[in-house]
There are 2 protein chains.
Amino acid sequence: MRIGELSNRSGVPVPTIKFYVREGLLPAGKLTSPNQASYDSGHERRLRLIRALLDVGGLSLAAIGDVLRAVEDPAQPVHKVLGVAAKRLTPPQRDEPGPESEDAREEVAALLKRRGWRAEAHGPAGESLAEVIVALRRAGHGGFVELLDDYAAAAEPVARADLDYVGRRVAREDLVESVVVGTVLGEAMFGALRRLAQADASARMYDGDGAGPGGDGAEPRGAEG
Amino acid sequence: MRIGELSNRSGVPVPTIKFYVREGLLPAGKLTSPNQASYDSGHERRLRLIRALLDVGGLSLAAIGDVLRAVEDPAQPVHKVLGVAAKRLTPPQRDEPGPESEDAREEVAALLKRRGWRAEAHGPAGESLAEVIVALRRAGHGGFVELLDDYAAAAEPVARADLDYVGRRVAREDLVESVVVGTVLGEAMFGALRRLAQADASARMYDGDGAGPGGDGAEPRGAEG
DNA sequence: CGCTATCCGATAGCGGAACTATCTATGATG
DNA sequence: CATCATAGATAGTTCCGCTATCGGATAGCG
């Protein structure tokens with residue numbers, strides 16, 4: 001297919017497709033003549049993946065580029081690709097280290113030990129956890145950190161489900177892509193579910209189980225949607 | 001204190017503080033003379049909150065402004081503030097609705113029913129869940145949607161923990177702020193934990209159960225290709 | 001009283017991200 | 001043959017989150 005059709009199918013404007021090619025996010029079409037290139041379903045799929053990671057996953061184009069290149073590189077072990085995805089999922093920190101960071105890092109390490117997790121406390125995920133802890137404390141909500149273990153307990157079955165989904169893949173590239181999609185879009189999915197579950201818990205708490213003081217009283221209907 | 005000290009304490013440059021004031025994120029200092037204003041610990045706290053939501057939570061300044069104004073408005077019921085936070089947590093969608101969105105929305109409604117959640121299927125959280133589902137399908141990973149129930153099950157205890165934390169607050173503004181912080185920073189916290197748990201699960205799966213170091217960071221000895 | 005550091009408030013500029021517009025040359029298509 | 005889409009290149013645009021600079025006023029010190 002030509003670029004116009006690719007644009008129609010994917011909903012991405014032609015100039016944007018060209019831009020993505022320039023940025024190395026999308027392989028160029030196969031030139032059939034000096035001013036004509038043909039694109040296939042692989043391009044379409046890639047384009048949809050880019051948009052998903054961009055719009056829903058919230059990754060930057062630079063991050064997407066890194067991830068996609070890692071996915072395509074057969075020399076990259078799976079967990080390294082995941083590492084790239086994880087690193088680029090969170091914006092770069094801008095704090096200087098400081099002693100509070102040290103404390104937070106130790107807490108992360110202690111948590112890993114407590115739960116017997118085989119993960120590097122100083123990898124990207126551990127670092128971003130430490131950053132969150134620091135940020136919570138600095139914002140005056142250090143108490144929230146007490147929920148760490150509850151959160152960690154909930155994260156285990158989620159991670160198992162992720163890996164289970166991934167485990168059904170056969171081809172390496174499929175597998176790696178699944179990991180990335182699962183990590184990035186799964187985060188968005190869980191976030192939305194969590195907010196729904198919060199709404200439910202909040203409705204029960206503030207409306208009571210059928211009526212109640214409600215705290216504020218501007219609730220037209222407590223349930224359903 | 002004067003602006004210089006506020007800057008030193010919070011680590012935010014003076015021009016940036018002024019900028020935040022201009023943007024309505026931070027109340028202006030109390031003028032003691034035409035060119036002198038004094039700031040208090042409330043300003044400092046607010047500043048730390050802004051930075052936490054910005055750096056770790058990934059909210060935009062505009063979103064933070066909306067949230068903070070909602071927090072400060074005593075007329076806003078708690079769940080509305082949460083709604084603002086939830087809405088601004090996810091970037092605005094840019095898809096036209098289409099039939100796939102309709103399917104996804106129905107799936108969300110069905111999920112809520114299945115789990116007996118009292119939440120609005122068409123509120124911001126429900127909408128973003130539907131968007132994630134659409135994005136997964138469009139990216140060719142519709143299978144991931146099968147994990148919805150596993151994810152939802154894990155989200156329940158997390159939401160309970162959140163509400164439990166929030167429930168310990170007394171003053172309304174404290175309470176609302178806790179909800180926001182919990183929602184926004186909690187998401188980052190869970191995301192990091194999930195990636196750690198994935199690293200653990202992945203290490204067990206790919207390295208075998210007693211082999212070497214797992215994790216997603218730098219692998220000293222090449223585990224594979 | 002003078003001196004300098006700081007401050008307020010306002011305006012303008014900057015750098016990065018993600019496009020978007022325009023242009024030329026060339027070949028595809030009816 | 002005329003029109004149209006395309007490749008490839010360069011330049012421009014919009015938004016965001018600051019950052020720099022400036023004019024005037026004041027603080028506080030000797």
Side-chain angles (χ1 to χ4, degrees), chain A residues 1-40 43 47 49-68 88-95, chain B residues 1-40 43 47 49-68 88-95:
Chain A
M1 82 184 89
R2 303 196 297 173
I3 202 173
E5 191 182 344
L6 180 61
S7 168
N8 283 337
R9 287 210 203 188
S10 62
V12 179
V14 169
T16 303
I17 295 176
K18 288 182 177 186
F19 170 70
Y20 288 167
V21 171
R22 257 179 279 143
E23 297 287 295
L25 300 178
L26 188 67
K30 194 183 157 200
L31 277 180
T32 61
S33 84
N35 71 332
Q36 211 68 193
S38 80
Y39 302 82
D40 59 23
H43 289 93
L47 213 36
L49 178 59
I50 291 171
R51 297 309 286 217
L53 295 179
L54 183 68
D55 294 341
V56 179
L59 296 203
S60 67
L61 290 186
I64 293 172
D66 288 355
V67 171
L68 292 181
R88 303 312 303 259
L89 236 182
T90 69
Q93 80 266 41
R94 32 186 125 174
D95 290 340
Chain B
M1 79 183 92
R2 303 197 299 173
I3 202 172
E5 189 181 344
L6 180 60
S7 168
N8 283 338
R9 286 211 203 187
S10 63
V12 179
V14 170
T16 301
I17 295 175
K18 289 183 176 184
F19 170 71
Y20 289 165
V21 171
R22 259 178 280 141
E23 297 288 298
L25 300 179
L26 189 68
K30 194 182 158 199
L31 278 179
T32 61
S33 85
N35 71 335
Q36 211 67 195
S38 80
Y39 301 81
D40 59 22
H43 289 94
L47 213 36
L49 178 59
I50 292 171
R51 297 308 287 216
L53 295 178
L54 183 68
D55 294 341
V56 178
L59 295 201
S60 67
L61 289 186
I64 293 172
D66 288 355
V67 170
L68 292 182
R88 303 312 303 260
L89 235 183
T90 69
Q93 82 265 41
R94 34 184 123 175
D95 291 340

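Computed from a prediction, not measured in an experiment: that's the story for all the values here. Reminder, nothing fancy here: chain letters follow the sequence lines and each chain counts from 1.
Here A/Leu59 contributes atom CG and A/Leu53 contributes atom CG; the two are 5.5 Å apart, rounded to the nearest 0.5 Å.
At a cut-off of 3.5 Å, with distance as the only test, no side-chain donor of A/Arg9 or A/Tyr39 sits close to an acceptor on the other residue.
The salt bridge (Lys or Arg N to Asp or Glu O under 4.0 Å) analysis of residues 20-29 of chain A, with sequence neighbours excluded, yields no pairs.
One interatomic measurement links the two molecules: CD of A/Glu5 to P of D/dA7, which rounds to 13 Å at whole-angstrom precision. Distance A/Asp55 CG to C/dA18 C1': 11 Å, rounded to the nearest Å. Taking atom NE2 on B/His43 and atom C1' on C/dC7, their separation rounds to 15 Å, with Å as the unit. With rounding to whole Å, B/Ile64 atom CD1 is found 12 Å from D/dC16 atom C1'. The interatomic distance linking B/Phe19 (CZ) with D/dA20 (C1') rounds to 14 Å, in whole Å. The distance from atom CD1 of B/Ile17 to atom P of D/dG17 is 17 Å, rounded to the nearest whole Å. Look at CG on A/Leu59: it is 20 Å from P on C/dG16, rounded to the nearest Å.
Contact check for B/Lys30 versus B/Asp40: no side-chain heavy atoms found under the 4.5 Å cut-off. Contact check for B/Leu61 versus B/Phe19: side-chain heavy atoms found under the 4.5 Å cut-off. Contact of the B/Ile64 side chain with the B/Leu49 side chain is not registered, since no non-hydrogen atoms from C-beta on lie closer than 4.5 Å. Side-chain contact between B/Thr32 and B/Ser38: present, with at least one pair of heavy atoms (C-beta onward) separated by less than 4.5 Å.
Picking from D/dT19, C/dA18, D/dT10 the nucleotide with the shortest atom distance to the side chain of A/Arg22 gives D/dT10.
If one axis is set at each end of the helix from C/dC1-D/dG30 to C/dG30-D/dC1 from five pairs, those axes are 10° apart, to 10°.
Considering every non-hydrogen atom in both B/Pro27 and B/Val21, the closest pair reads O-CG2, 4.1 Å.
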I'd like a table of atom pairs between the protein and nucleotides 23-30 of chain C - only N or O on both sides, under 3.5 Å - with the distance next to each one.
| residue | atom | partner | partner atom | Å |
| --- | --- | --- | --- | --- |
| C/dT26 | O2 | A/Asn35 | ND2 | 2.2 |
| C/dG27 | O4' | A/Asn35 | OD1 | 2.9 |
| C/dG27 | O4' | A/Asn35 | ND2 | 3.2 |
| C/dG27 | O3' | A/Ser33 | OG | 3.3 |

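When each of A/Ile3 and B/Ser60 is assigned the nucleotide of DNA chain D with its nearest heavy atom, A/Ile3 is the one assigned upstream, toward the 5' end. Between A/Pro15 and B/Ala28, the one whose closest nucleotide on DNA chain C sits nearer the 5' end is B/Ala28.
Between the B/His43 side chain and the B/Leu6 main chain, no donor and acceptor come within less than 3.5 Å of each other.
Phosphate proximity of D/dG17 to B/Tyr20: absent, as no side-chain N or O sits under 4.0 Å from OP1 or OP2. Contact between the side-chain N/O atoms of B/Tyr39 and the OP1/OP2 oxygens of C/dC8 is found at a separation under 4.0 Å.
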